[in-house]
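Just so we're on the same page: letters track the sequence lines, and every chain starts at 1.
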2 protein chains.
Amino acid sequence: MNNHTESEENYIKALYYLGGEATVASGALANRVGAKGPSATQAVRRLASKGLVEVIPYKGVKLTLDGLTLAKHILRKHRLWETFLVEKLGFGWEEVHSIAEQLEHIQSRELVEKLAEYLDSPAHDPHGDPIPQADGKIPPAVGKPLQQFPQGSSLKVVRVEDAGTDFFTQLDLLKISLGKEYTLKSVSSFDFSIQLQAEEGESFWLSHSMSSNIYAISL
Amino acid sequence: MNNHTESEENYIKALYYLGGEATVASGALANRVGAKGPSATQAVRRLASKGLVEVIPYKGVKLTLDGLTLAKHILRKHRLWETFLVEKLGFGWEEVHSIAEQLEHIQSRELVEKLAEYLDSPAHDPHGDPIPQADGKIPPAVGKPLQQFPQGSSLKVVRVEDAGTDFFTQLDLLKISLGKEYTLKSVSSFDFSIQLQAEEGESFWLSHSMSSNIYAISL
DNA sequence: TCAAAGGTTTAGTTTTACCTAAACTTATTT
DNA sequence: AAATAAGTTTAGGTAAAACTAAACCTTTGA
Ligand SMILES: [Mn+2]
Ligand SMILES: [Mn+2]
Ligand SMILES: [Mn+2]
Ligand SMILES: [Mn+2]
């Protein structure tokens, strides 16, 4: 009941990402793990025989309680490792996801807890995503997309979507990072681009595709 | 030419452990990786097709230059991770080997080098074993077994053999660790046990099986 | 020298994990 | 209600990585 392959764990994590506790179509699952339909059908059957998921043929797949617990544990490891890579090793936030994709499968309860302690039991990873805690509780996802703030608001960036390398590069070019504070000067009603103004320094415009992946709280 | 499975890497590492650049019998290899003969024969054929080893049927297997390079790189990762686990996360030196056995397979050149830097480019792991450097060079293995010191020598413990959990537990009970200095008071000619005396504190006896796994340099 | 012993490889299975092509369900549209 | 489209599962393969049993080399000792 405890030893899972890397492939199994990736399916479990995908299931959690796509549906949480809800039912997910096998095609969506296959797509998420980068496999074809029949591979997912088979994989899901292996998982069912281990009690990690429930399958209703032609209807969909759902995590069991055991599956849910495992999913959150893997996500915990993924995000702790991302935090380690950025905070301790000095990686940029765009580089860590693919390495954490490997590290999340390392099996050692003691390692996870020692790592968490070493990082001061963080509640959020370098992208602002909540890190599931050892007891399975998940801190709330903070912030809302920049669009949802009215003109003139003071806000602080607290989270960014993992929208690929180019997105992160653009963030770096614009010197946007978690914790930065801005005033939302204006919103274009033509293309929904947004003008931000930092404490000191000139203001700049953000395209809709950029701003929709940036989350903030108001100050 | 660059992506290897965990199994492949374990065979390569075993080959290096058993023979270095020399030829190794398939049975010894199988034994080392915890598999049966036929599994090793097959594995070794896969490795040969990737140019990592040379096989002469019924004679033995040998690492190619590529294989040797890979072996040292895996060992580098193994020992860097062991160092990390002890130095940064506070693991005991008996706990780290099995976790490093997993971590050594994480693939990211950048991660290895950032980790090494974070640890101040150590030359030796927590057991005193040399860590292969990025360029493939291997620092000399330091120390010689306690038996080889004459009575009255002043010595410093610099390395211990990985002789299993019970050995490490015993070391901990006796408060022996790397860097500790002792005077070798006497050697029993009956059972070859050794009497050590720390700077301050009472002296104590070490059985031959203990002392033969402890390496030191003279001061 | 040649026959037994020991070690290695071959042959044939199993499980995981992927694939394509074909068959089958379900949902939608006429 | 029937036909089509979309999505899912079945059928049949392949490759890695392990196993057991049987055949095959090599070495050695009578
Ligand atoms: Mn990530
Ligand atoms: Mn993964
Ligand atoms: Mn080790
Ligand atoms: Mn290993």
Under 4.5 Å between any side-chain heavy atoms of A:Lys180 and A:Lys175, yes or no?
-> yes

Just call it for A:Ala25: base, sugar-phosphate, or nothing, with non-hydrogen atoms closer than 4.0 Å on any strand.
-> sugar-phosphate

Do the ring planes of B:Phe84 and A:Tyr118 sit parallel (below 30°), tilted (30 to 60°) or perpendicular (above 60°)?
-> perpendicular

Treat primed atoms plus P, OP1 and OP2 as sugar-phosphate and everything else as base, then score nucleotides 12-22 of chain C 5' to 3': B for base contact with protein heavy atoms under 4.0 Å, S for sugar-phosphate contact only, - for none.
-> ----SBBBBB-

Within-4.5 Å side-chain heavy-atom neighbours: B:Ile12 and B:Val53 = yes

Side chains of A:Gln147 and A:Ser212: is there a donor and an acceptor less than 3.5 Å apart?
-> no

B:Asp162 side chain near B:Asn213 side chain, heavy-atom distance below 4.5 Å = no

Range on DNA chain D touched by chain B - first to last nucleotide, heavy-atom distance under 4.0 Å = D:dA16 to D:dT27

Give the C-alpha distance, both sets of side-chain angles, the deciding distance and a yes or no for side chain to side chain donor-acceptor pair (under 3.5 Å) between A:Ser193 and A:Asp191.
-> CA-CA 5 Å; A:Ser193 58; A:Asp191 65 359; 2.7 Å; yes

Go through B:Val55 and B:Arg45 one step at a time and tell me if the side-chain contact (heavy atoms from CB on, under 4.5 Å) criterion holds.
-> CA-CA 8 Å; B:Val55 188; B:Arg45 227 182 264 134; 5.9 Å; no

Write down the distance between CG (B:Asn31) and C1' (C:dT8), rounded to a whole number of angstrom.
-> 14 Å

On the 0 to 90° scale, with breaks at 30° and 60°, tag the B:Trp81-A:Trp81 ring pair as parallel, tilted or perpendicular.
-> perpendicular

For atom NZ of B:Lys59 and atom C1' of C:dG7, their distance in whole Å | 12 Å

Which comes earlier along DNA chain C counting from the 5' end, the contact point of B:Thr41 or that of A:Pro57, where each point is its nearest nucleotide?
-> B:Thr41

